[in-house]
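Reading through the structure tokens given below for one structure.
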Amino acid sequence: VASGDSTVITCGSARVRLRRAGIDEIVKLRHAELRTGLPFETASFDGDHDASTWHFGAFLVAEGAAGHAGAAVGCASFMVRAHEGRPAYQLRGMATRADLARHGIGGALLHLAVAELRERDDATLFWCNARVPAVPFYARMGWRVVSEVFDVPTAGPHRVMVYG
Ligand SMILES: CC(C)(COP(=O)(O)OP(=O)(O)OC[C@H]1O[C@@H](n2cnc3c(N)ncnc32)[C@H](O)[C@@H]1OP(=O)(O)O)[C@@H](O)C(=O)NCCC(=O)NCCS
């Protein structure tokens, strides 16, 4: 179901709304999934509050086994950051709540976000520092690996991936 600028998908028995979000709506999920066990401040990124930054979230539509209505279950943020001298958006903080992974939420959220940025902001190039275990996810979404593996302290091995 698509209505205006949000989309509802079905994920097992839960329905999940995908839409543009505020950082305050997604930062707890980002902390839980990507900065597990680290201080809460580590889940805040430079640029989170920039006017040019776009955040997206996936939220449960109704109370159910997966949690309360409005609970954040997916997140992704896009910051204006050039890639090799070309204007681009850097994707950061992409995560799905672990118990709901592999149900299509991450893929649907990334698809919606890229479509919105292309349509509303003429975005053409996207890149990210992908955790190595997430590389198959981005590859499935059409992103390309463009670097060797490099290490990010506390977050492990990564590769640069691009889309567009
Ligand atoms: C990576 C992540 C965001 C993917 O979100 P998701 O909601 O699980 O993704 P989807 O269910 O939409 O997956 C879409 C497709 O990507 C591929 N994919 C996703 N995760 C994969 C994995 N771990 N290994 C191989 N392929 C994978 C599959 O082809 C999948 O389709 P399928 O399940 O029909 O085979 C999520 O697993 C996550 O939050 N991981 C932990 C945090 C993280 O590493 N974030 C990325 C930081 S760079």
Side-chain angles (χ1 to χ4, degrees), residues 1-2 6-21 23 25-48 53-61 64-67 70-81 83 88-117 123 125-164:
V1 186
S6 87
T7 299
V8 174
I9 61 167
T10 300
C11 169
S13 61
R15 291 199 310 141
V16 175
R17 182 177 302 282
L18 314 174
R19 60 168 173 80
R20 199 170 173 187
I23 179 62
E25 297 179 285
I26 59 169
V27 69
K28 279 190 202 155
L29 177 69
R30 190 198 273 175
H31 177 250
E33 300 301 333
L34 294 167
R35 296 292 183 271
T36 320
L38 295 173
F40 189 68
E41 314 82 78
T42 62
S44 289
F45 301 158
D46 277 351
D48 267 343
T53 293
W54 293 56
H55 303 285
F56 294 86
F59 303 95
L60 296 179
V61 172
V73 296
C75 59
S77 300
F78 292 79
M79 291 160 187
V80 173
R81 301 275 185 272
H83 179 67
Y89 274 99
Q90 180 183 6
L91 165 58
R92 297 195 66 188
M94 171 97 234
T96 296
R97 206 176 77 187
D99 61 307
L100 294 176
R102 295 305 285 266
H103 284 79
I105 295 173
L109 189 61
L110 185 54
H111 185 80
L112 173 122
V114 165
E116 285 230 355
L117 285 162
L125 182 63
F126 303 85
W127 67 279
C128 71
N129 293 325
R131 293 181 179 197
V132 164
V135 165
F137 164 72
Y138 293 112
R140 175 72 203 279
M141 298 301 295
W143 293 52
R144 305 180 305 280
V145 170
V146 295
S147 82
E148 297 302 318
V149 174
F150 61 95
D151 197 58
V152 174
T154 77
H158 284 67
R159 305 185 80 146
V160 180
M161 296 185 77
V162 300
Y163 183 76

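Just the heavy atoms: all of them, side chains too, but no hydrogens, waters or symmetry mates, feed the values below. Atoms within a ligand are numbered from 1 in the order they appear, just like the ligands themselves.
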Quiz item: Can V160 and F150 be said to form a side chain to side chain contact (heavy atoms under 4.5 Å, CB included), step by step?
Solution: CA-CA 9 Å; V160 180; F150 61 95; 3.7 Å; yes

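- At least one donor-acceptor pair under 3.5 Å links the side chain of R159 to the backbone N or O of S147.
- For atom 25 (C) of ligand 1, the nearest non-hydrogen atom of the protein is P136 CB, 3.4 Å.
- Of the protein's heavy atoms, L34 CD2, 3.8 Å lies nearest to atom 43 (C) of ligand 1.
- In this structure, D46 places its CG atom where only 12 or fewer heavy-atom neighbours from other residues, nucleotides or ligands lie under 6.0 Å away.
- With values rounded to the nearest 0.5 angstrom, L125 atom CG is found 11.5 Å from Y163 atom OH.
- Side-chain atoms of V80 and Y89, non-hydrogen and from C-beta on, do get closer than 4.5 Å to each other.
- R97 places a side-chain N or O within donor-acceptor distance of the main-chain N or O of A66, the cut-off being under 3.5 Å.
- Set against the non-hydrogen atoms of G104, the atoms of ligand 1 under 4.0 Å away are 10 (P), 11 (O), 12 (O).
- Between the choices M141, E33, R131, the shortest heavy-atom distance to atom 44 (O) of ligand 1 belongs to R131.
- Considering only non-hydrogen protein atoms, atom 17 (C) of ligand 1 sits nearest to F137 CA, 3.8 Å.
- Distances from atom 41 (C) of ligand 1 to the protein include no heavy-atom value under 4.0 Å.
- Here the heavy atom of the protein found nearest to atom 6 (P) of ligand 1 is T96 OG1, 3.6 Å.
- Checked against a 3.5 angstrom limit, the closest N/O atoms of G106 and ligand 1 fall inside it.
- Geometrically, ligand 1 and Y138 share no nitrogen or oxygen pair separated by less than 3.5 Å.
- In this structure a side-chain-to-backbone donor-acceptor pair under 3.5 Å is present from W127 to R81.
- The side-chain tip of R30 points at the ring of F45 from less than 6.0 angstrom away and within 45° of straight on.
- The protein reaches atom 12 (O) of ligand 1 closely, with a heavy atom under 4.0 angstrom from it.
- Counting heavy atoms closer than 4.0 Å to ligand 1, residue A130 contributes backbone atoms (N, CA, C, O) but none from C-beta onward.
- The shortest separation from a heavy atom of N129 to ligand 1 is under 4.0 Å, placing the residue in contact.
- No donor-acceptor distance shorter than 3.5 angstrom exists from the side chain of H31 to the backbone of L29, with no hydrogens or angles considered.
- Heavy-atom contacts of I105 reach the following atoms of ligand 1: 7 (O), 12 (O) (cutoff under 4.0 Å).
- Counting only distance, with no hydrogens or angles, the side chain of R19 and the backbone of F59 share no donor-acceptor pair below 3.5 Å.
- The heavy atom nearest to atom 34 (O) of ligand 1, considering only R140, R102, M94, R92, is found in R140.
- When hydrogens are left out, the protein atom nearest atom 37 (O) of ligand 1 is A101 CB, 4.2 Å; that is the closest non-hydrogen contact.
- Near H103, the atoms of ligand 1 lying under 4.0 angstrom from a non-hydrogen atom of the residue are 11 (O).
- Within 6.0 Å of NE2 on H158 lie more than 12 heavy atoms contributed by other residues, nucleotides or ligands.
- Residue G107 has at least one N or O atom closer than 3.5 Å to an N or O atom of ligand 1.
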